[in-house]
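Working notes for the structure below.
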Protein chains: 2
Amino acid sequence: MARVAGVSVSTVSRTINGTAFVAEDKRQAVNRALQELGFQPNYLAKSLITGRSMTVGVIAEDIVSPYYADVIRGFEHGLFDTPYQPVLQSGHWSQQRESGAIETLIYRKVDALVLLGSTLPGEELLDIAGRVPLVVFGRHVPELDARCLTLDQYQGAYLATRHLIELGHRDIAHLRGPDGQQDAEERLRGYQAALRDNDLPSPPELVVQGDFLEQAAYQGTLRLLGNGCPFTAIFAANDQMAVGARLALYRQGLRVPDDVSLVGFDDLPGSAFTTPPLTTVHQPTYQIGRALAAHTLGLLQGEMPTLPDFPLTLSIRESTRSLRRTAARRPAL
Amino acid sequence: MARVAGVSVSTVSRTINGTAFVAEDKRQAVNRALQELGFQPNYLAKSLITGRSMTVGVIAEDIVSPYYADVIRGFEHGLFDTPYQPVLQSGHWSQQRESGAIETLIYRKVDALVLLGSTLPGEELLDIAGRVPLVVFGRHVPELDARCLTLDQYQGAYLATRHLIELGHRDIAHLRGPDGQQDAEERLRGYQAALRDNDLPSPPELVVQGDFLEQAAYQGTLRLLGNGCPFTAIFAANDQMAVGARLALYRQGLRVPDDVSLVGFDDLPGSAFTTPPLTTVHQPTYQIGRALAAHTLGLLQGEMPTLPDFPLTLSIRESTRSLRRTAARRPAL
DNA sequence: TTGTAAGCGTTATCAG
DNA sequence: CTGATAACGCTTACAA
């Protein structure tokens, strides 16, 4: 390449990277040779010496999940027109897979690591943060406070439940997420707090276990309808579970929202198009993705950026309605 | 590292990679030092010399789309327990973005490239195939026949339409995908062929334009209902559009399947849980992902693997019903 | 079996 | 402003 242009390799490097002034004629000669050979510098050699790979690793619990997918989209957009490239990997909800993915990405010399959800213990995350700039979403580690973006799940659940209460519902069931999962626990607490604050009972029979997926919510709703404890509304711990519940209600001939009001959590892309469109707690996933990207970029430039706060809001659509216009009743089996 | 173990760098390299026999005592010394220092070889230096990065680039039109997400999941699973790592990028349905993503990945020296859908012209793909082992899904390029995995969209659409015809429907509308998009055109052709083969009319007013998204399908269905041309069934070009149509019908007080039967295409993860569960053309996306992974692996090992055939099947659920049990009628406005 | 030394393709340093 | 030349951290002949 340098030979074709008739200059030294250093001059080629300088023209390509604009690291120093190069005389006009030499520069043109280099550019001509560049064109002619379709030359591309070797990224590996470059990174080997600069010590930076210009990539940022992103590990999502599950790339398939529409929830994380939207965060990823925001993150990607945030990195457009930036010299940095996102490199995605799945954690597959497994500590082992997640550790593996992290090691791989560090091994590949990513300049920063972004975790979209994490099943790893805090100390392990702390250890990783010592090896590579780390940004975490959906998981709070006290020692990593400035690098963790979390949403107030408790508040979101409280909002959702209060909405139902304000509509006149008194018997509100909850389809909860997996046992021990941080978000699931927070959402349960928010639900319970809203009931308590309004002097409403919260019988344990009205809380049924789920795993954030449709199938379990479907089954759970059927059990709920069968256990003899009346209710007029359901707060599902996420939209996928709300969809499962909605199908169970449909199969039992119960109308939403006429017979049972239904609220979800997440506001997935599809939730505005369920029948009826789902009232749900909106998570600004795309914006979160962009904020994570901006934060990472700042970190990479040696700044000490801070993460913004994202309050959760309620998207009120058509799956909830005032109880005052319909008689409170136990749904028919 | 070599100093700590008291051996030469070559011996370290040989123990790590098992490239040659190393005396037991030295090997142990090396392993001890490895542990002690938490040493990790530099991937960049290694790849620089071996010329292989042990990564395979995957570019999906849209990582957010549940359709591609499932293919990706299959692909990732297919690469588990393999020295190869997938590296994902989005093409964002734009030729420019897609080209950019491809260049980046080639620049990063991926050992193979997998395209999940592509908007690029065939000749460009051909050019890329000359630079790096290429596997393409959802796009057929004659010169790259052995590397292209495509599904018979025509056949799938034919199946869906014939199913409706067999149920007694005669006036079947079609919500088509974007103009010029290969799959969309094939599905339209399959729909038209099924009608023709059964001596059914296919008035152009019953075909409305869409873009594979819910919103346009919603609007399109409203137009369909307003244009005075009666129909008893809708074949949507994909599940997302079916969902949009279903909401429009709901808003107009039309029941599915009682008043209008509805068929989708793709069988997305959520389509089994819409209300009612959607009858749709099933694409074995996860299996496809695994097949693509196996094929890529074969290619990387210098084999000449062939891609399997995936016939499309119909998942008959609850959004379609026989017209014989209900009077054929023009849906009320 | 092991060590030495020559690269891999860049950028950084330092004379000129 | 430009050209040698030394790294970067590894693998792989080639010797020993």
Side-chain angles (χ1 to χ4, degrees), chain A residues 1-55 83-85 103-111 131-132 300, chain B residues 1-55 83-85 103-111 131-132 300:
Chain A
M1 164 67 210
R3 292 169 61 175
V4 174
V7 296
S8 74
V9 283
S10 347
T11 305
V12 174
S13 172
R14 284 192 273 256
T15 26
I16 290 180
N17 299 304
T19 337
F21 272 126
V22 175
E24 191 55 31
D25 56 332
K26 306 230 172 189
R27 170 186 299 162
Q28 291 197 357
V30 170
N31 284 329
R32 215 172 312 120
L34 239 48
Q35 286 282 323
E36 210 171 300
L37 305 181
F39 177 82
Q40 264 199 325
N42 185 320
Y43 147 80
L44 295 166
K46 178 175 178 150
S47 295
L48 178 58
I49 194 156
T50 59
R52 281 171 311 136
S53 67
M54 304 312 279
T55 56
Y84 289 93
Q85 277 286 329
E103 289 308 325
T104 309
L105 289 177
I106 291 182
Y107 175 56
R108 294 261 145 78
K109 302 284 182 221
V110 292
D111 295 330
R131 302 205 281 151
V132 62
L300 254 12
Chain B
M1 166 67 210
R3 292 169 61 176
V4 174
V7 297
S8 74
V9 285
S10 5
T11 307
V12 174
S13 170
R14 285 190 273 254
T15 21
I16 291 179
N17 300 304
T19 339
F21 272 126
V22 175
E24 191 53 32
D25 55 334
K26 306 231 172 192
R27 170 187 297 162
Q28 291 195 357
V30 170
N31 285 329
R32 215 173 311 119
L34 238 48
Q35 287 283 321
E36 210 171 300
L37 305 181
F39 178 83
Q40 265 200 326
N42 186 318
Y43 148 80
L44 295 166
K46 178 175 177 147
S47 294
L48 177 59
I49 193 158
T50 58
R52 280 170 312 136
S53 66
M54 304 312 277
T55 56
Y84 289 94
Q85 278 285 330
E103 288 308 324
T104 309
L105 289 176
I106 291 183
Y107 175 56
R108 293 257 145 79
K109 303 283 185 218
V110 291
D111 295 330
R131 301 205 280 151
V132 61
L300 251 15

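Quick note on labels: first sequence line is chain A, next is B, and so on, each numbered from 1.
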| field | For the student: nearest non-hydrogen atoms of Y84(A) and T55(A), plus distance | value | CD2-N, 4.1 Å

| message | For chain B and DNA chain C, what are the first and last nucleotides along the strand, 5' to 3', with at least one atom under 4.0 angstrom from a heavy atom of the protein chain? | response | dT1(C) to dG9(C)

| Can you find a side-chain donor-acceptor pair between S8(B) and T11(B) that sits under 3.5 Å? | yes

| request: Quickly work out the R27(A) CZ to dC1(D) C1' distance and round it to whole Å. | output: 11 Å

Atom pairs under 3.5 Å: protein N/O with N/O of nucleotides 5-10 of chain D:
unit_1: dC10(D); atom_1: OP1; unit_2: N42(B); atom_2: N; d: 2.7

| Shortest non-hydrogen contact from L48(B) to L44(A)? | N-CD1, 4.0 Å

| task | Check R14(A) against V22(A) and note the closest heavy-atom contact, atom names and distance. | result | CB-CG2, 3.9 Å

| query | What is the distance, rounded to the nearest whole Å, between atom CZ of R3(A) and atom C1' of dG3(D)? | reply | 16 Å

| Between E103(B) and R131(B), is the closest basic N to carboxylate O distance under 4.0 Å? | yes

| remark: Closest non-hydrogen contact found for R108(A) with S53(B) is NH2-O, 3.3 Å

| task | Heavy atoms only: give me the nearest M54(A)-D111(A) pair and the separation to one decimal. | result | N-OD2, 2.6 Å

| request: Look at T11(A) and dT2(D) and indicate whether a side-chain polar atom (N or O) is within less than 4.0 Å of OP1 or OP2. | output: no

| remark: Of V12(B) and D25(A), the one whose closest nucleotide on DNA chain D sits nearer the 5' end is D25(A)

| field | Contact summary for Y43(A) and Y107(B), nearest pair of heavy atoms | value | CB-O, 3.3 Å

